[in-house]
Peer 1: 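Questions regarding the structure given below will be posed in turn.
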Amino acid sequence: MISEKIASVFNEPDCEKNRGKTAGERKKGCGTKGLTPGAAAGGCAFDGAKIALQPVTDVVHLVHGPIACEGNSWDTRNVGTSGPLIYRWGFTTDLSEMDVIHGGEKKLYRAIKEAVAKYAPPAIFVYQTCVPALIGDDIDQVCKVASERLGLPVVPVNAPGFVGSKNLGNKLGAEALLAHVIGTIEPSDAGPTDINIIGEYNVAGEFALVKPLFDELGIRIRACITGNSRYRDLAGAHTARVNMMVCSQAMINLGRGMRERWGIPYFEGSFYGIGDTSQTLRTIATLLVERGATADLIARTEALIAREEAKAWAAMAAYRPRLAGKRVLLYTGGVKSWSVVHALQEMGMEVVGTSVRKSTEDDKARARAALDQNTGKVGELFGAIANPEMYRMFRDGEADIMLSGGRSQFVALKARTAWMDINQERHHGYAGYDGMLELVRQMDIEINNPVWAQVRAPAPWDPPAASPGVTPLIPAGRRAAP
Amino acid sequence: MTLSPPATLVRSRKALTVSPLKTSAPLGAAMAFMGIDGCLPLFHGAQGCTAFSLVMMVRHFREAIPLQTTAMNEVTTILGGLENIEQALLNITKRTHPKVIGLITTGLTETRGEDMVGDLKTIRQRNPVLDDTVVVLTSTPDFSGGLETGWGKAVSAMIATLVPAGPQPRDAERVTVLAGCHLTPGDIEELRDIIEAFGLRPTILPDLSGSLDGHLPETWVPTTLGGTPLEEIQTLGRAARTIAIGEHMRISGALLEERTGVPTAFLDRVTGLEAVDTLMSLLAEISGRPVPMRLRRQRSQLIDALMDSHFSFGGTRLALAGEPDLVWTLGTLVSGLGARLQAVVTSVDAPFLAGLDTEEVVVGDLEDLAERAGGCDLMIANANARLPAERAGVALFRAGFPILDRLGVAHRVALGYRGTRDTVFALGNALIEAAQTAHAPTAHPANTNRAEEGADHGRSPLALG
Ligand code: SF4
């Protein structure tokens, strides 16, 4: 049954990548690609499903499996909450050898019961993982029985790690919402300016930077799927007029599914970058008016955009002298790249390259266009850069700062180069106009930290240039003043 | 040592683990392989386990962690993993030229039950390019044991695979130390200093101090960038003595003695006056030299420190959680200063913890700890106990693995006279601070309570952000 579900996710008709594939390629799916044994690999499908759903802050996220899956990962994602903390407690059945031999279904049921008794959540999400999937634990059935007997929604999330990548897991998480959650509660207050935001996980609580813009326009976020959301928000999400997809790759199946079942149109937008934020607001206003909101929303939105853009650029201008001429390597999953490039260029920074590892062709074109806007200098689009090559780039002084996720930070730091986290674990919100200002501010703090001069200076007893044939660790241009 | 009756070991009867204390055995094994020079640990399993373990070690040690996966998927899991192992070994050898590959099984591949030894033989026959790469196979199903278990199994596998059986000519100045995973890279460095002060030459296995001590290599190294050299492991039979530190090193110590005839001395811990005295006497005996003056001076400093600090510990109630050897080490230390262990929780069955001066030792999770910690003066546990500690209204002192939110944890030293002294001061200061906070007019914020959270369930969808 799980394989059917996966096949259907692979067949996603709205996926642009998919449309470009032959039938045969499509059948192979997108999850198993890139999984070369012995070459770098990322998270599993379970990880992806958990990332997608864990930001639901008031439910018990119960991981069915041995300790590896939850014990090594709980409460490490920095997604914000405005209230409930239950999503951060880390729940698992912690299967033992005996459970594996005898099957884990009974233990799972007991665990669900204990969770209800102790934490009284509005719902429980149960995650399937590799080992119980392999021994044939039927979590759908256990969840169904538990739901009936205990009288609360118990939602199976069927995404054991071995079925594929994190990305596939995001979609399987979305499938679970579509199959068991969305549309199960009828809110009494549905209105003409209700929207959902899909694929916004509220990393570092950054949605708070965007939320006031919607408040001001009188646009209600019915559900943020799933950043800082409550179970009831999700269950009533089908009454929204428009869906915004923050990252089409993560949950496109949810957007399409909601369009098909409830006629809600979706579009892809982004809160990263000033131009993109404005464009996103514009699109939402237009779509809402098309769907019955009063026409003045468009004018009000334009006024807000004009005001916020002017404010943001004015505030950012202060950083220009401190950042102009500095070189940035953007090494992200992709989507964020082109959104941020423009702002960096406005700061007079040179984007020496941006990675497009996980990007669609469309993303790549946008990234290329963004880089070309640069004054004559054209940055590069990278695929994955091997660590030794990346290290060489930094050592040779080809970039002054890298923006990336935490895993590659040491390639920069070991080469004594500035680094900033722009992924899951970061502690600053970068969404919206205020977020872009924050990004620039953080970049100034990082790149102009006096520590770089200290750590790059050679020891007093080391000759300024190393012996011939050896690349000096510190390129001449970057040496601290004597 | 203690007059009280032995502690009862209680296994938590819950089906639901909340706020896990335990991390997985494969993670422990991978960490052990981080202590071999030029090594690349490889998980045989689906890719997620690798990613989780990698990220956790990266964030704890704040160092690059080479760790690879055989990337099993649904199909290969059913058909068997030989081809994935083969491809992984070939890819890794081609790309990173490791001296040693630590091949670590996971729950997924153990559930299926593969003939890994046979598979490896087949792979070697088919691929002579692998002739120069040493592979150490470690069996660590996720569903049995925790971090220390995995570490212990990996060290035993290293010995069984790399140390030739049979007696070898002895070198009177060489000692082997089998170090448990509760010792930090900083501890290992301290231990090496102490042993060298006796004119002895230590081989420490595994040696995290070479690879995870945060130094800057001159080029990018795709494997571990330091640790116990392979040649030294192969000649452990030449040492005059083996010292195994920590209960989870006991089996490895016995195995090494059995293979080489080198007698193993077992030390249950190397923190605390009495325990360090034992270490010193042992080193004096092995080397035939007196305890160096520098160390004697440190001993008297420690005694002074114990007297200065005991006022802060006496009569306090503590909650302690961690892997067994960590709990043993810190538990005996604080009991020895007059603190009472009100709640002790450990991750896996560990009968030797009955020797702790406490009523019961619970094999459980951080929820168990929080439930028993009410009224305690301080909680000692890993960083995951942050919320549980808040919930119990008790200040947290971070110890163990993982500690993701503090700097320099790899350099902390609790070993030896000096390390004990610093640890006693750090704990004592935490107690002083906790007491001050408790007495301050603005007491610490109320516990996160369920009723409040519950009230939030019905919030309007508008109330986001
Ligand atoms: S790959 Fe499987 S066993 Fe490993 S973490 Fe993911 S779900 Fe758990």
Side-chain angles (χ1 to χ4, degrees), chain A residues 32 35-39 41-44 46-47 58 66-68 70-75 82-86 88-97 100 107 110-111 114-115 120 122 130-131 134-135 161-163 207-208 211 220-224 228 230 233 387-388 391 406-407 410 414, chain B residues 14-20 22-24 26-27 42 46-53 55-56 58 63-64 68-74 77 84 87-92 106-108 111-112 142-144 146 216-217 220 222 384 387 404 448 450 453-454 456-459 461-465:
Chain A
T32 45
L35 292 191
T36 317
C44 60
F46 154 69
D47 189 14
D58 60 350
I67 200 66
E70 183 70 348
N72 295 352
S73 72
W74 72 281
D75 199 26
S82 59
L85 282 173
I86 203 169
R88 297 186 58 182
W89 285 119
F91 297 91
T92 174
T93 46
D94 183 11
L95 295 180
S96 70
E97 194 145 18
V100 173
K107 190 172 193 187
R110 278 204 293 133
E114 286 174 26
C130 293
V131 170
L134 192 62
I135 61 174
F162 60 51
V163 301
F207 194 69
K211 177 76 179 9
R220 169 162 57 185
I221 313 294
R222 185 91 245 171
C224 186
N228 190 27
R230 313 293 188 271
D233 304 343
N387 284 341
Y391 180 83
R407 266 177 167 219
F410 300 106
K414 291 285 178 194
Chain B
K14 305 186 297 188
L16 180 69
T17 291
V18 185
S19 306
K22 191 164 56 168
T23 43
S24 77
L27 170 50
L42 166 67
Q47 63 168 344
C49 312
T50 311
F52 285 147
S53 295
V55 168
M56 207 159 201
V58 162
E63 286 294 323
Q68 266 305 337
T69 173
T70 57
M72 297 291 281
N73 59 41
E74 208 171 7
T77 300
N84 281 52
Q87 243 194 71
L89 293 179
L90 290 172
N91 280 337
I92 290 171
T106 61
L108 181 68
T111 303
R112 196 181 166 275
D142 297 300
F143 38 79
S144 104
L216 299 180
W220 184 257
N384 283 335
L387 285 172
L404 308 178
T448 320
R450 252 185 59 206
E453 279 174 32
D456 195 59
H457 295 159
R459 285 160 43 109
L462 268 178
L464 280 171

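Chain letters run A, B, ... following the sequence lines, proteins first and then strands; every chain starts at 1.
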Peer 1: Would you say the side-chain atoms of Gln47(B) pair up with the backbone N or O of Gly42(A), donor to acceptor, closer than 3.5 Å?
Peer 2: yes
Peer 1: For Leu16(B) and Glu114(A), which heavy atoms make the closest approach, and how far apart are they?
Peer 2: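 Minimum heavy-atom separation between Leu16(B) and Glu114(A): N-OE1, 3.1 Å.
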Peer 1: Against chain A, work out which of Asp142(B), Leu42(B), Thr17(B), Asn91(B) has the most heavy-atom pairs shorter than 4.5 Å and name it.
Peer 2: Thr17(B)
Peer 1: Counting only heavy atoms closer than 4.5 Å, note whether Ala46(B) contacts chain A via side chain, backbone, both or neither.
Peer 2: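 For Ala46(B), the contact with chain A is made by the side chain alone.
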Peer 1: What part of Leu404(B) gets closer than 4.5 Å to chain A, counting heavy atoms only: side chain, backbone, both or neither?
Peer 2: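 Side chain only.
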Peer 1: List for me each residue that meets side chain to side chain donor-acceptor pair (under 3.5 Å) alongside Arg88(A), sequence neighbours excluded, and say none if there are none.
Peer 2: Asp75(A)
Peer 1: Given that the side chain runs from C-beta out, which part of Phe91(A) has a heavy atom under 4.5 Å from chain B: side chain, backbone, both or neither?
Peer 2: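 For Phe91(A), the contact with chain B is made by backbone and side chain together.
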Peer 1: Shortest non-hydrogen contact from Leu95(A) to Phe143(B)?
Peer 2: O-CB, 3.3 Å
Peer 1: State, with a plain yes or no, whether a side-chain heavy atom of Ile67(A) is found less than 4.5 Å away from one of Pro20(B).
Peer 2: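 Result yes, sub-4.5 Å side-chain heavy-atom pair found.
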Peer 1: Working to the nearest 0.5 Å, report the span between CG of Asn73(B) and SG of Cys44(A).
Peer 2: 13.0 Å
Peer 1: Could you tell me which non-hydrogen atom of Ser53(B) sits nearest to which non-hydrogen atom of Asn72(A), and how far apart they are?
Peer 2: OG-ND2, 3.6 Å
Peer 1: Quick one: what part of Met56(B) sits under 4.5 Å from any heavy atom of chain A, side chain, backbone, both or neither?
Peer 2: side chain
Peer 1: Between NZ of Lys14(B) and NZ of Lys107(A), what distance do you get to the nearest 0.5 Å?
Peer 2: 11.0 Å
Peer 1: Counting heavy-atom pairs closer than 4.5 Å to chain B, which one of Asn387(A), Leu134(A), Asp47(A), Val131(A) comes out on top?
Peer 2: Asn387(A)
Peer 1: Who wins among Cys130(A), Gly161(A), Ala115(A) for the most heavy-atom pairs under 4.5 Å with chain B?
Peer 2: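 Heavy-atom pairs under 4.5 Å are most numerous for Cys130(A).
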Peer 1: I need the minimum non-hydrogen distance between Ala15(B) and Arg110(A), along with the two atoms involved.
Peer 2: CB-CB, 3.6 Å
Peer 1: Using a cut-off of under 4.5 Å for heavy-atom pairs, which of Pro26(B), Gly107(B), Ser24(B) has the most such pairs with chain A?
Peer 2: Ser24(B)
Peer 1: Could you have a look at Gly146(B), Ala88(B), Ser144(B), Cys49(B) and say which one has the most heavy-atom pairs with chain A under 4.5 angstrom?
Peer 2: Ala88(B)
Peer 1: Is the ring pair Tyr391(A)/Trp220(B) parallel, tilted or perpendicular, if the boundaries are 30 and 60 degrees?
Peer 2: tilted
Peer 1: Excluding sequence neighbours, so at least two apart, what forms side-chain contact (heavy atoms from CB on, under 4.5 Å) with Ile135(A)?
Peer 2: Val100(A), Asp137(A), Thr111(B)
Peer 1: So which of Thr23(B), Thr50(B), Leu90(B) has the biggest tally of heavy-atom pairs under 4.5 Å with chain A?
Peer 2: Thr23(B)
